[in-house]
**Student:** 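Quick one: this structure, given as structure tokens, is what I'll be asking you about.
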Amino acid sequence: MALDIDKKQHNAFADLILPLPIPKLLTYGVPPAASPMLGSRVIVPLGTRKIVTGVVAHMHNHPPNYPTKDILEILDTTPILSATQLAFFTWMADYYLCTLGEVLKAALPAGLRLSSQSRLQLSPTADLTRIVCSDAEQQVIELLQKHASLSYTALAKAIDRKHIPGVMKRLLAQKVVLLFEEVQEKYKPKKELRIRLAPPFVADMSQRQGLFHQLERSPKQLDILLKYISLTAQAPTLAVPKKELLGTTGSTAALRSLLKQGVFLEEEVIVPRISPVQTTPLPTDTLSAAQQTALDALYQAFKTHDTVLLHGVTGSGKTALYVRLIQDTLKQGGQVIYLLPEIGLATQMVSRLTKVLGHQLAVYHAKYASNERVEIWHSLLAGTCSLVVGVRAALLLPFHNLQLIIVDEEHAPSYKQTDTAPRYHARDAALMLAKHHKARVLLGSATPSLEVYYYAQIGKYGLVKLTERFGKAALPVVHLANLAAEHHKKPLYGEFTTRLLEAMRAALSRQEQVIVFQNRRGYAAYVLCIDCHWVPRCTQCAISLTYHQSARRLVCHYCGYRMCVPPECPVCGARRLKNVGFGTEKLEETLQQCFPDKYVKRMDADTTRHKQGYAQLLTALEQGHVDMLVGTQMITKGLDFARVALVGVLDIDRLLYFPDFRAHERCFQLVTQVGGRAGRREKQGQVIIQTQHPQHPVLDAIVHHDYEQMYRRELTERATFWYPPYVRLIKVTLQHVDQAVVTAGAQELAHQLRSRWEERVLGPQAPCVARVKSRYRMDIWVKIPKQATSDRVGAKKWLQEVTYRLLRQQAYRQLSVIFDVDPA
Ligand code: ADP
Ligand code: ZN
Ligand code: ZN
């Protein structure tokens, strides 16, 4: 629907979100005949040559203080974004200091995205009869008459390249040709071939008899006919999927021949990717007395609070309570989001949920194929989907009647987006989204984050506890194995203390499963020349390379750079290179040597890179085909297996002394979670932690399953040294290829920020890895006092302004900046 672009009289304006890195919305005129709706996509001119797509964020009648251009076309007759979404996205952009365009980019599946490939088309208003043009220009016009539109590159191929700039310039100036950003409707519906019996054979039994007779001598064709009849026994006119009809044994040639004879008809239909099947749900589990009490307490707490924390120990059966709340909400016609920190966890959870809910359930993941994401988007717009299980991006979907958000494993660091803007925390964003919908939020964890527990303590959130495990299971017994003491006695076998080895041997002999936790993948931490102490490092990052045995390569965990292990030291020429430290790969090897007749498996980013890798491991574990599992933090969450009796935790000291104000909290969470995999059924499980520091108070809290002890200690520290929940942290990172420039810029910025926040500005300091992908980095931390919201907004605005003013200076033009609000 092209609109008249020459009218200059306006009384309607639209503010648009454009796919550009600009902080402001741009205002366009709305032609009289048009009435775009909030949340619809439109096409507009930008500058003199470009045409881009945008989304309508506001409609009003206040002309801006610049001359406006008109909207050219409206792409959607019904909005693709709701008003609530727009409000939520605006909050997100403001709070996390990014642009609305960036939020939109994260939210929209590629199939709906505002794309940016330049294309040319003839102007619908140009009068071609009145134009005098050169041969080359005529050629371009003819090409464009033939094709509705062409990409710039396609055009350049078609006519002599050197003429293009001049030709285009003239045609554009005369408004004969328009240049626009292509809106690619990349979404493609899924189609399926179906086969149905031709009508005569359906209606007339004697015809069908004749058919059988006729096919007697072609057994393969007869097979297909019989299969068809058995598949359609219930509904004789049904078309069956071709794939299903052929199965693994059916003959394609035989079917082709049947189609040719007119026995069967073939048709193509559009089928949904997200299955709308409603299965009959299994009866829900009967709750234990403790669970029932907790459920009652949850309903009670929701009467006075919109947000409630469920603090339930590992294995207490929090999922059973989630299911009750979900069922309740669905029954009332409300929509539910079930958030998980990682999509890998969804596999187990989705099958658990589908069994009891029997309800349409959509799984949402940003990395899913765009087509599936588009279908979920549309089915939510159409109101045919009521439960979404997904990772953080699920919050950005178009809900219209959201009533409940469950944030499972609320404490998980992966809820924070770190790599690209918007750098949002899904738990916090969920709270805000719920506010927009007047929905409730249930935060669940065995090891709540300090901030959340604090808010529950001061009464901002409701708090419900579940302190016992479900069934006869007891919490595991936790022991510390003193590495320092053992080193004196005798050398370790591999990295294992005698205590842990003995316990493993005993568990395996009882046919029980063992989990070994080591939070580092790869084989060796790094490689070292014994003679000159040379260590291979990444060429682009300030970090040593990790040795991966299976790939026989040294790998950079920051940028993926890989190199072969040199046969000799490039510095001194010696051939004595040594592996230092150990990762999961090495442990897997050691354990296999130690227990040659047992199945040892590894779960880390390397073995689960492919979707199937993870699923296969889970199945193997479930069916008991794994005796020992070695893994990184991936194994800490959600795994629920019957025969795990022993968990070994290695290299804990590295976590304890990690330079981060959350190190102790994280350590407690990780170890408690991984230990929580042990003894989830009748037998009591055991956890053995190897450490050099058995006196450490955090380890003491872990041994005694004493969350409160860790909480109180850490909270005091946070108060003393000004950390969340007492202040709001913002990390500003500057980057540049030149170290001197980034250092000078960061110092200048820190200096200016101190004029307002004084000692609440930390740094600048180089992060742990000071150079990544050839760019040096400097961090500045700002601790903003928690006061009235208005002041906080003011503080952030000021921070942004000061930073951008600095970046406008000649010397710092090339610096790039990242704001990370509430860094994880
Ligand atoms: P959490 O998430 O709290 O660690 P889960 O929800 O995974 O615990 O539950 C632990 C185990 O107990 C699971 O195997 C689960 O199937 C079982 N379980 C929990 N509640 C019930 C119940 N009411 N009836 C039967 N089994 C239950
Ligand atoms: Zn050397
Ligand atoms: Zn690197």
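Each ligand, and each atom within it, is numbered from 1 in the order the structure gives. As the structure is a prediction and not an experimental result, all values here were calculated from the model. The first residue of the sequence shown is numbered 1, and numbering continues consecutively from there.
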**Student:** If the test is side chain to side chain contact (heavy atoms under 4.5 Å, CB included), which one of H411, Q709, M710, E714 qualifies with F668?
**Tutor:** M710

**Student:** Which bit of Q291 is near ligand 1, meaning a heavy atom under 4.0 Å away: side chain, backbone, both or neither?
**Tutor:** side chain

**Student:** Is it true that atom CD of Q814 has more than 12 heavy atoms of other residues, nucleotides or ligands lying nearer than 6.0 Å?
**Tutor:** no

**Student:** Is the Zn ion (ligand 3) under 2.8 Å from any N, O or S atom of C559?
**Tutor:** yes

**Student:** Report the part of L466 (side chain from C-beta onward, or backbone N, CA, C, O) that has a heavy atom under 4.0 Å from ligand 1; answer both or neither where that applies.
**Tutor:** neither

**Student:** Looking at K586, I'd like to know if its NZ atom is crowded, meaning that more than 12 non-hydrogen atoms belonging to other residues, nucleotides or ligands lie closer than 6.0 Å.
**Tutor:** yes

**Student:** What do you reckon, does T314 have a nitrogen or oxygen under 3.5 Å from a nitrogen or oxygen of ligand 1?
**Tutor:** no

**Student:** Tell me whether R427 forms a cation-pi arrangement with Y415, defined as NZ or CZ under 6.0 Å from the six-membered ring centre and within 45 degrees of its axis.
**Tutor:** no

**Student:** Got a salt bridge between D779 and R777, using NZ or NE/NH1/NH2 to carboxylate O under 4.0 Å?
**Tutor:** no

**Student:** Would you say F470 and ligand 1 have an N/O pair spaced under 3.5 Å apart?
**Tutor:** no

**Student:** Hey, which atoms in ligand 1 end up nearer than 4.0 Å to a heavy atom of T286?
**Tutor:** 22 (C), 23 (N), 24 (N)

**Student:** Does ligand 1 have any atom sitting under 4.0 Å from a heavy atom of G315?
**Tutor:** yes

**Student:** Is there side-chain contact between H705 and V478, with at least one heavy-atom pair below 4.5 Å?
**Tutor:** yes

**Student:** Between E410 and K318, does any NZ, NE, NH1 or NH2 come within less than 4.0 Å of an OD or OE carboxylate oxygen?
**Tutor:** no

**Student:** Need one value: angle at the Zn ion (ligand 2), C569 atom SG versus C572 atom SG, rounded to 10 degrees.
**Tutor:** 110°

**Student:** Would you check whether S288 has a nitrogen or oxygen atom less than 3.5 angstrom from a nitrogen or oxygen atom of ligand 1?
**Tutor:** no

